[in-house]
There are 2 protein chains.
Amino acid sequence: MATPKPGKPVRGSKTGQPIMALFDLLGRSWTMGVIWHLYKGPSTFRKLQEYCESISPTTLNKRLKELTESHLIERSIDGYMLTQQGRELFELLSPLGKWAKTWANNYTSK
Amino acid sequence: MATPKPGKPVRGSKTGQPIMALFDLLGRSWTMGVIWHLYKGPSTFRKLQEYCESISPTTLNKRLKELTESHLIERSIDGYMLTQQGRELFELLSPLGKWAKTWANNYTSK
DNA sequence: AGCTTTGCTATCAAATATGTAGCAAAAATT
DNA sequence: AATTTTTGCTACATATTTGATAGCAAAGCT
């Protein structure tokens, strides 16, 4: 599948509304996990495979290409790393970590 | 596929870390879009189908079941609506809207 | 020069999503 | 009260995505 781009048809919006393009990008298996792991620091392909537990190389490679095309990650001497934009995105995503914990609690108590 | 639950194996974490369970849930096609639309107010199945443009009934139905099991949405007299938890989640997601716009700009200028 | 690690591709199988049709139940209309 | 319309889905076939496994070429040690 093509990398979703704002302004082009994406899942959720034929006119490619930015938020829907972003949801299309983030809403693919592993994408958010990869961003999450890369925030800790640059990482190689093989290390990402370990961190992401059961991700297949096929899928990881696709995700890395999409994120690169989207200017959220880039390659450095140390492997893949988040760009400035990527870091900003992570920081918006990071409150989800705390929320998820309380969600997990409610979950078990219901 | 089963609804991801914290504490159970999910994509990204065999022990079901809450954040990974959340990413597994949100990172399925249309999930974030559905939450986004429902924040505006309760909506019926058919209206969600319209809002989400090309979502298939099969997929919509699956997503609605997952979100219900996850206590993020519930049914009311007016149709599906976000729960309190669902609204909280949306509010964490909402900054993405603004970010996506600047992302879209950078995108076109590169 | 040989051994390892890294980044990936190829291939095939399994899981998901899509498209279209249509039906039963509830609601609105006549 | 009978008829039409709307709603919420299910069935089924097809297309697309993801996953598992094997393995190879290039780079980096030793």
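Side-chain atoms are counted along with the backbone in the values below, which use heavy atoms only and exclude waters and symmetry mates. None of the values given here were measured: they were computed from a predicted structure.
Looking at every heavy atom in both residues, Ile35(B) comes nearest to Leu67(B) through CD1-CD2, 4.2 Å. Across Gln85(B) and Ser70(B), no two heavy atoms sit closer than the pair OE1-O, 4.3 Å. Ile55(B) approaches Gln49(B) most closely through the heavy-atom pair CG2-CA, 3.9 Å. The shortest non-hydrogen separation linking Pro95(A) to Glu91(A) is CD-O, 3.4 Å. Heavy atoms only, all atoms of each residue included: Phe90(A) and Leu82(A) are closest at CB-CD1, 4.4 Å.
Ser56(B) has its side chain out of reach of Trp30(B): every pair of non-hydrogen atoms, C-beta onward, lies at least 4.5 Å apart. Between Thr15(A) and Pro9(A) there is no side-chain heavy-atom pair separated by less than 4.5 Å. Looking only at side-chain heavy atoms (C-beta outward), Tyr39(A) and Ser94(A) stay at 4.5 Å or farther from each other. Considering only heavy atoms from C-beta on, Met1(B) comes within 4.5 Å of Arg28(B) through its side chain. A 4.5 Å side-chain heavy-atom check between Leu25(A) and Leu72(A) finds at least one atom pair inside the cut-off. With a 4.5 Å cut-off on side-chain heavy atoms, Phe23(A) and Thr31(B) do not count as touching.
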Contact list (N/O, under 3.5 angstrom) for nucleotides 14-16 of chain C vs protein:
from    : atom 1 : to      : atom 2 : distance (Å)
dT16(C) : OP2    : Met1(B) : N      : 3.4

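Taking every heavy atom of residues 32-49 of chain B and every atom of DNA chain C, no pair lies under 4.0 Å. Within residues 51-60 of chain A, the residues approaching DNA chain C are Pro57(A), Thr58(A), by heavy-atom distance under 4.0 Å.
If you check the side chains of Glu74(B) and Thr83(B), you find no donor sitting under 3.5 Å from an acceptor.
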Let's go through Glu69(A) and Thr3(A) carefully: what are the C-alpha distance in whole Å and the side-chain angles of both, what is the deciding distance for side chain to side chain donor-acceptor pair (under 3.5 Å) to 0.1 Å, and is it a yes or a no? CA-CA 7 Å; Glu69(A) 258 198 89; Thr3(A) 303; 2.8 Å; yes
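Applying the 4.0 Å criterion to OP1 and OP2 of dC8(C), one finds that Tyr80(A) has a side-chain N or O inside that range.
Applying the ring-ring contact (aromatic ring centres under 6.0 Å, His included) test to residues at least two apart or on different chains, the pairs with a partner in residues 46-66 of chain A are His37(A)-Tyr51(A).
Classification of Arg63(A) and Glu66(A) as a salt-bridged pair holds, one side-chain N sitting under 4.0 Å from a carboxylate O.
The distance between atom CG of Asn61(B) and atom P of dA24(C), rounded to the nearest whole Å, is 18 Å.
Fit an axis to the five pairs at each end of the helix from dA1(C)-dT30(D) to dT30(C)-dA1(D) and the two axes sit 30° apart, to the nearest 10 degrees.
Taking every nucleotide of DNA chain D with any atom under 4.0 Å from a non-hydrogen atom of chain B, the first and last of them, 5' to 3', are dT7(D) to dG19(D).
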